[in-house]
Amino acid sequence: MVIQRWQSLMLFMAALLMGFFTFMSLGQVQLPDLTTLNFTTFGFQYEGEQPTGAANPYYLQTWGFFVISLLTCILPFINIFLFKNTRLQKRVCLIELLLLVAVIVVGAIYGYNGIDNAAVSWSTIICAPFLALIITVMAFNRISADERLLRSAERFR
C-alpha cells in the first residue's frame with residue numbers, strides 16, 4: 001500500500017523552482033569601472049561587448065555553484081520515484097535540504113564577496129532556494145505522515 005499524493009506535487013514544484021534558479025539570471029553586478037556583469041550559476045558574464053583581449057565571455061566562472069544548484073534540481077525528480085521506499089525518500093529529502101542550504105550560502109558568498117567593490121542587484125528568482133527549502137520540508141513532513149499511516153495500517157493486518 002503506497003500513498004503518494006501531495007509530496008509528489010511538492011517535490012515537483014521544488015524541482016521546477018530550482019530548475020529556474022539554475023538556468024536564469026540571478027542578478028546584476030556593477031563593477032567600479034562601470035562594467036556590468038550578469039550573475040548566473042555558471043558565473044559572472046559580461047553584458048554587452050566584452051573588453052578587448054577577453055577571450056572568454058565570463059569574468060569569473062562558478063562551476064561548483066552550478067553543480068550544486070543542478071543537483072538540487074535533479075534530486076527532487078529522483079525522489080518522486082522512490083515512493084515505495086519511504087525511508088530512502090526521507091533521506092533524499094534531507095540531502096536535498098542540505099544542498100539547498102549550501103546553494104543559499106554559496107550564492108550569497110559569490111554575490112557579495114565574489115568580486116571586490118562591486119554593487120549587486122538581485123533578481124526575484126533568488127527567492128527560489130528559500131521557497132524550495134520550505135516546500136521540501138513540507139514534503140518531508142507529508143512523507144513522514146504517510147509512513148506513520150502505513151505503519152498503522154500494517155498493524156491492523
Side-chain angles (χ1 to χ4, degrees), residues 4-83 85-86 88-145:
Q4 187 75 13
R5 299 177 301 258
W6 288 106
Q7 56 268 35
S8 294
L9 182 64
M10 290 176 193
L11 291 169
F12 182 72
M13 288 183 349
L16 279 180
L17 280 170
M18 290 312 295
F20 289 136
F21 178 84
T22 302
F23 296 107
M24 291 179 70
S25 174
L26 304 178
Q28 308 295 322
V29 177
Q30 185 77 33
L31 297 178
D33 63 352
L34 300 179
T35 304
T36 303
L37 302 173
N38 187 22
F39 178 36
T40 63
T41 57
F42 297 111
F44 296 91
Q45 185 178 15
Y46 289 107
E47 283 194 352
E49 293 184 24
Q50 297 182 61
T52 55
N56 192 343
Y58 287 99
Y59 179 80
L60 174 69
Q61 292 182 335
T62 56
W63 287 105
F65 184 39
F66 172 71
V67 169
I68 293 171
S69 180
L70 189 63
L71 280 174
T72 60
C73 175
I74 294 171
L75 272 180
F77 276 126
I78 294 171
N79 204 3
I80 290 171
F81 299 105
L82 297 175
F83 59 87
N85 189 350
T86 56
L88 180 61
Q89 196 175 26
K90 285 171 53 175
R91 285 186 188 139
V92 172
C93 265
L94 291 176
I95 293 169
E96 170 75 11
L97 289 172
L98 290 174
L99 287 174
L100 283 169
V101 170
V103 163
I104 292 168
V105 170
V106 170
I109 289 171
Y110 274 129
Y112 289 115
N113 298 330
I115 301 172
D116 293 332
N117 300 325
V120 180
S121 62
W122 295 102
S123 172
T124 55
I125 198 68
I126 201 71
C127 297
F130 296 105
L131 293 173
L133 186 78
I134 293 168
I135 290 171
T136 305
V137 167
M138 291 169 57
F140 181 83
N141 289 337
R142 295 297 304 181
I143 293 166
S144 297

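Just so it is clear, the structure is predicted and the values come from calculations on it, not from any experiment.
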[atom1] of [X] to [atom2] of [Y]: how many Å apart, nearest 0.5 Å?
X      : Y     : atom1 : atom2 : answer
Ile78  : Leu11 : CD1   : CG    : 11.5 Å
Thr40  : Gln61 : OG1   : CD    : 9.5 Å
Asn85  : Lys90 : CG    : NZ    : 11.0 Å
Ile74  : Glu96 : CD1   : CD    : 10.5 Å
Met138 : Leu9  : CE    : CG    : 9.5 Å

Partners passing side chain to side chain donor-acceptor pair (under 3.5 Å) against Thr41 (at least two apart in sequence or in another chain)
none
What residues form a side chain to side chain donor-acceptor pair (under 3.5 Å) with Ser25, not counting sequence neighbours?
Asn38
Closest heavy-atom pair and its distance - [X], [Y]:
X      : Y      : answer
Cys93  : Phe140 : CB-CD1, 3.8 Å
Pro129 : Ile104 : CB-CG1, 3.6 Å
Gln89  : Phe83  : OE1-CA, 3.9 Å
Ala128 : Phe21  : CB-CB, 4.0 Å
Ile143 : Gln7   : CG1-CG, 3.8 Å
Phe77  : Ala15  : CE1-CB, 3.7 Å

Could you tell me if the side chain of Leu26 sits less than 4.5 Å from the side chain of Phe65, heavy atoms only?
yes
Under a 4.5 Å cut-off applied to non-hydrogen side-chain atoms, are Val29 and Ile115 in contact?
yes
Backbone N/O of Gly43 and side chain of Thr62: donor-acceptor pair under 3.5 Å:
yes
Show, in sequence, the C-alpha distance, side-chain angles and deciding distance for Leu98 and Leu94, and conclude whether the side-chain contact (heavy atoms from CB on, under 4.5 Å) test is met.
CA-CA 6 Å; Leu98 290 174; Leu94 291 176; 5.8 Å; no
Go through the structure and list residues passing side-chain contact (heavy atoms from CB on, under 4.5 Å) with [X], not counting sequence neighbours.
X      : value
Leu99  : Ile68, Leu71, Thr72, Leu75, Ile95
Phe23  : Phe42, Phe66, Leu70
Ile135 : Met10, Met13, Ala14, Leu17
Asn141 : Val137

By ring pair (Phe, Tyr, Trp, His ring centres under 6.0 Å), which residues pair with Phe20, not counting sequence neighbours?
none
With Phe130, which residues qualify under ring pair (Phe, Tyr, Trp, His ring centres under 6.0 Å), at least two apart?
none
Taking only residues at least two apart or on different chains, which pairs with a member in residues 105-122 satisfy side-chain hydrogen bond (donor to acceptor under 3.5 Å, both in side chains)?
Tyr112-Trp122
